[in-house]
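Reminder, nothing fancy here: chain letters follow the sequence lines and each chain counts from 1.
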Amino acid sequence: MVFPFLRFSKKGAEQTAEDIGNFLAGNIGNISGFNIVKGFLNLVIDQSYWIYQFNNAAVSEKYGFKSADENSEVVMIEYSSPNTNKPLHLGHIRNNLLGYSVSEIMKANGNKVVKTNIVNDRGIHICKSMLAWKKLGNGETPESSGKKGDHLVGEYYVKFDQLYKNEVSDLIAGGLSEEAAKEQAPTINEAREMLRLWEANDPDTRSLWQLMNSWVYAGFDETYKTLGVDFDKIYYESNTYTVGRDEVLRGVKEGIFEQMDDSSVWANLEKDGLDRKILLRSDGTSVYMTQDIGTAKIRYNDFPIDHMIYVVGNEQIYHFQVLSLLLDKLGYKWGKDLYHFSYGMVELPQGRMKSREGTVVDADDLVAGMIDVARKVSEELGKLDNYSDEEKERIYRIVALGALKYFILKVDPKKTMLFNPEESIDFNGNTGPFIQYTYARIQSVLRKASDAGIEIPAQITDIEMNEKESALIKILVTFPEVVNEAGTNHSPALVANFVYELVKEFNQYYHDFTIMNEPDEEIRKFRLLLAKTIGKTIKNCFSLLGIEVPERM
RNA sequence: GGCCCAAUAGCUCAAUUGGAUAGAGCGACAGCCUUCUAAGCUGUAGGUUUCUGGUUCGAUCCCAGAUUGGGUCACCA
């Protein structure tokens, strides 16, 4: 595209393109010719260049990846960050998958990555579950009921809400305003009292809290394991909130924040174009913001963090603006540098998920449902009939999670996305299983080659390749740049789009040309190496997305 | 109401960050399994990129305004 050069060349577009083309073809070895179409200069690049590039890709086990060294920057990525009063749902799944994938992408860009999870294990929400369990639980435990711990605790959170709602409507029927009713309902005040007792270290409250949280953690661990996500360092807000509270009180002393007559503490951010924000309640208990201040301080003490990434939904943009500013005001120079990776919500066909209206898609149910579908599809195809049940189940899981993860990660993280439980479970087209299937096909060919005693060379010398082959190589060699872009944009979607494009092209190639039956030995070996390299790249791409690939399916 | 974000094929999403004829999948229709895995491949139909202006050689992309949808402004997290 030569338009920007016209003001220097002072000639017409065609003539300018001609001049530049002549110069480049004459001076750069890999350019063997050019043509001009409507002001666009197209360069013809010599085949030897593509062979050279291909060999680079073929030789390297982790083509496109950079590894960390002692000079690498430390990137801490916070993701997941669940509340301990209810099980994980579809929204958390997007968070977990993005957090894990971005971590892998940052690693592939040569960073030292610390994956962290801040568990919100304290606060009014968990007190609500505790209170309802105390009132209605009759000592129910995961063992006694056979329920998964996080689900059990979640049920009591719902029961609290029902109790509370009934009280509010009774009070309104008795003549109170809605606002007053919500304020005066006995259960909400009991829950508040419980939170106060908790912060005062009341032994009974603490031990109930510990018991119910232990159920939830067992449940979460199971879900995390299923999803294949993990953490290098887990923080608990019950340990960090006091540090945050101390920071806030220091802020009061230093005149950064103000304490009201009722002893609540506020930050006035009006000069910064924001509102007033509460940091400590009048009863002295902490809020979300207080905890986040403490957590941030502790993390920077624990690790030499160069970049801090918070994987948190875009509904909290304002929260992180405020947090950044507050940390800055408290004198931490890294406050302004924190990066809120704000991803879009997952919506259902009916709109946003609402736990109170029971429209949430539970994470465990969703995965189990996907596995059922994978099993059904696979059994209909009957390709795994010779395998053991154990092996089959393993493949069903890989395919099911591949479908779910790819479906979520292929979408630009910033955008709101729609999940239709009926229609989103697909295994054809632009899906995880389609890509996994291509990988399995490649492995099948490679097994055949191995059985036939064919040695695949490490690289190729000179060979006449067809259109499809050079098209494949042209896509393949953009991968390092894709990894780089995915890192700077924090976007797994770029990796997903790349691997889809590659796989789509390969399937056409696979359809149009034979690999093992190619009579020319040199060409056959080249095709095997090409297939092997593409297989490797598929696997590496999927590792960046946290998706496994099956050897057969 | 203030601030923030989004709008592309019937549906779900892309578009190399301002470039050539806006691409995929699903759904619909028509084909391809004596051949390395048909979870695949090929073809057809489907678009005034929400609207109105502006910036320039050129706008889905940048700017202004409008419309529609969403988020957020809690002593919730």
Side-chain angles (χ1 to χ4, degrees), chain A residues 1-4 6-7 13 37-40 42 81-83 85 120 123-126 128 192 237 260 262 264-266 273-289 291-292 312-319 321 342 344-345 347 349 351-352 374 377-378 380-381 383 399 403 407 410-412 414-420 423-424 426-438 440-449 452 478 481-482 485 489 493-494 496-498 500-501 503-504 507-518 527-528 531 552-553:
Chain A
M1 204 264 305
V2 297
F3 289 109
L6 298 189
R7 42 191 277 251
V37 183
K38 291 197 290 186
F40 289 83
N42 298 306
S81 307
N83 295 348
N85 62 323
N120 191 0
I124 191 74
H125 49 90
I126 181 69
K128 289 176 179 175
R192 284 181 186 138
E237 286 190 346
M260 303 287 105
D262 65 2
S264 60
V265 176
W266 297 76
L274 302 172
D275 292 322
R276 278 159 48 88
K277 189 80 192 172
I278 190 156
L279 299 175
L280 287 174
R281 297 189 184 99
S282 54
D283 65 2
T285 60
S286 301
V287 295
Y288 183 40
M289 190 63 77
Q291 310 170 157
D292 261 3
V312 179
N314 63 14
E315 57 193 349
Q316 295 195 30
I317 288 174
Y318 182 72
H319 173 81
Q321 275 175 7
S342 99
M345 299 288 98
E347 288 186 355
R352 201 181 175 185
V377 170
S378 183
E380 277 170 13
L381 293 169
K383 292 180 185 177
V399 173
F407 182 84
K410 76 174 179 188
V411 181
D412 181 346
K414 291 195 182 72
K415 291 192 175 173
T416 304
M417 66 174 290
L418 188 125
F419 186 89
N420 185 334
E423 294 171 13
S424 296
D426 199 346
F427 292 69
N428 302 315
N430 187 359
T431 66
F434 166 64
I435 292 160
Q436 290 171 323
Y437 173 72
T438 308
R441 272 177 148 183
I442 290 171
Q443 300 317 304
S444 176
V445 176
L446 295 178
R447 276 193 301 273
K448 285 214 159 60
T478 62
E481 182 55 26
V482 170
E485 288 278 308
N489 293 325
L494 298 179
N497 291 345
F498 166 83
Y500 176 65
E501 198 190 341
V503 158
K504 196 174 154 52
N507 271 312
Q508 291 171 13
Y509 176 62
Y510 181 93
H511 178 266
D512 293 348
F513 297 95
T514 179
I515 296 171
M516 281 302 287
N517 295 327
E518 165 58 40
R527 288 183 179 175
L528 282 166
R552 52 199 104 208
M553 63 186 275

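Spacing of P atoms, B/C29 relative to B/U55, comes out at 49 Å, to the nearest Å. On the P atoms, B/U49 is 25 Å away from B/C26, given to the nearest whole Å. For the C1' atoms, the distance from B/C75 to B/G71 is 23 Å, rounded to whole Å. B/U60 and B/U50 have their C1' atoms separated by 12 Å, with the value rounded to a whole Å. Rounded to whole Å, the separation between the P atoms of B/U16 and B/G23 comes to 13 Å. Separating the C1' atom of B/G19 from that of B/C76 is a span of 49 Å, rounded to the nearest Å. Across the P atoms, B/G47 and B/A9 are found 10 Å apart, a figure rounded to whole Å. The separation of B/G65 from B/C73, taken at their C1' atoms, amounts to 25 Å, rounded to a whole angstrom.
When the P atom of B/C13 is taken as reference, atom CD of A/E347 falls 10 Å away, rounded to whole Å. Here B/C76 presents its P atom at 17 Å from CD1 of A/I126, a figure rounded to the nearest Å. In this structure, the CG atom of A/N497 is 6 Å from the P atom of B/A15, given to the nearest Å. Nucleotide B/G40 holds its C1' atom 12 Å from the CG atom of A/D512, rounded to whole Å. Put simply, NE2 on A/H511 is 7 Å from P on B/U42, counting in whole angstrom units. The CG atom of A/D275 sits 11 Å away from the P atom of B/C75 (whole-angstrom rounding). Atom CG of A/L494 is separated from atom P of B/U16 by 10 Å (rounded to the nearest Å). What separates CE of A/M516 from P of B/U37 is a distance of 10 Å, to the nearest Å.
Base contact: A/I278 has a heavy atom under 4.0 Å from a base atom. Residue A/N489 is classed as a base contact, given a heavy-atom separation below 4.0 Å to a base. When heavy atoms are screened at a 4.0 angstrom cut-off, A/M345 is found touching no nucleic acid atom at all. Heavy atoms of A/Q316 sit under 4.0 angstrom from at least one base atom. Nucleic acid contact for A/F434: sugar-phosphate only, since backbone atoms but no base atoms lie under 4.0 Å from a heavy atom of the residue. If you check every strand for non-hydrogen atoms under 4.0 Å, A/V399 touches a base. Base engagement by A/F513 is indicated by at least one non-hydrogen atom pair under 4.0 Å involving a base atom. A/N42 comes within 4.0 angstrom of a nucleotide base, judged by non-hydrogen atoms across all strands. As judged by a 4.0 angstrom heavy-atom cut-off over every strand, A/I124 is placed among residues touching the sugar-phosphate backbone only.
B/U34 adopts an anti glycosidic conformation, its chi angle falling more than 90° from 0. Annotated as anti: B/C57, whose glycosidic dihedral deviates from 0 by more than 90°.
Remark: side-chain polar atoms of A/K410 are paired, donor with acceptor, to backbone N or O of A/N430 under 3.5 angstrom. Without hydrogens or angle criteria, A/D412 side chain to A/K414 main chain gives a donor-acceptor distance under 3.5 Å.
Across every strand in view, B/G40 sits in a pair with B/C32 that passes the Watson-Crick or G-U test at under 3.5 angstrom. In this structure, B/C61 makes no Watson-Crick or G-U wobble pair, since no nucleotide meets both defining distances under 3.5 angstrom. B/G47 is unpaired under the Watson-Crick or G-U wobble criterion, no partner having all donor-acceptor distances under 3.5 Å. Base-pair partner of B/A6: B/U68 (Watson-Crick or G-U wobble, both distances under 3.5 Å).
The phosphate of B/G71 (OP1 or OP2) has a side-chain N or O of A/R352 nearer than 4.0 angstrom. Under 4.0 angstrom from either OP1 or OP2 of B/U12 there lies no side-chain N or O belonging to A/K415. Distances shorter than 4.0 Å separate none of the side-chain N or O atoms of A/R552 from OP1 or OP2 on B/C36. Listed pair A/R447 / B/C36 fails the phosphate criterion, with no side-chain N or O lying under 4.0 Å from OP1 or OP2. Proximity of A/Q508 to the phosphate of B/U42: a side-chain N or O atom is located under 4.0 Å from OP1 or OP2.
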Could you list, one pair per line, each protein nitrogen or oxygen that sits under 3.5 Å from a nitrogen or oxygen of nucleotides 21-28 of chain B, together with the distance?
from  : atom 1 : to     : atom 2 : distance (Å)
B/U21 : OP1    : A/K38  : NZ     : 3.0
B/A24 : O2'    : A/Y500 : OH     : 2.6
B/G25 : OP1    : A/K504 : NZ     : 3.2
B/G25 : O2'    : A/N430 : N      : 3.4

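Taking for each of A/F427 and A/F40 the nucleotide of RNA chain B with the nearest heavy atom, the 5'-most of the two is the partner of A/F40.
Nearest nucleotide to the side chain of A/L418, out of B/U37, B/U12, B/A14: B/U12. The side chain of A/R441 sits closest to B/G40 out of B/C36, B/C75, B/G40. The nucleotide whose nearest atom lies closest to any side-chain atom of A/M417 is, among B/C13, B/C36, B/U72, B/C13.
Taking 3.5 Å as the limit, the base of B/C36 and the side chain of A/S444 contain no donor-acceptor pair of atoms between them. In this model, no side-chain donor or acceptor of A/N507 finds a partner on the base of B/U42 within 3.5 Å. With hydrogens and angles ignored, a donor-acceptor pair closer than 3.5 Å exists between the side chain of A/D262 and the base of B/C75.
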Review point. Can you list the steps and then say if A/V399 with A/M553 is a side chain to side chain contact (heavy atoms under 4.5 Å, CB included)?
Key: CA-CA 8 Å; A/V399 173; A/M553 63 186 275; 4.0 Å; yes
Review point. After noting the C-alpha distance and the side-chain angles of A/L280 and A/S264, does the key distance pass the side chain to side chain contact (heavy atoms under 4.5 Å, CB included) rule?
Key: CA-CA 5 Å; A/L280 287 174; A/S264 60; over 6 Å; no
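If you check the side chains of A/N507 and A/T438, you find a donor sitting under 3.5 Å from an acceptor.
Relative ring orientation between A/H319 and A/Y288 is described as parallel, the plane-to-plane angle staying below 30° on a 0-90° scale split at 30° and 60°.
Interatomic distance, CZ of A/R192 versus NZ of A/K128, reported as 8.5 Å (0.5 Å rounding). For the atom pair A/I126 CD1 and A/E237 CD, the distance stands at 12.5 Å (nearest 0.5 Å).
Residues A/V445 and A/R441 have side chains not in contact (no heavy-atom distance under 4.5 Å, counting atoms from C-beta outward). A 4.5 Å side-chain heavy-atom check between A/F407 and A/D426 finds every atom pair outside the cut-off.
Looking at residues two or more places apart in sequence or on another chain, you find a salt bridge (Lys or Arg N to Asp or Glu O under 4.0 Å) between A/E518 and A/R527.
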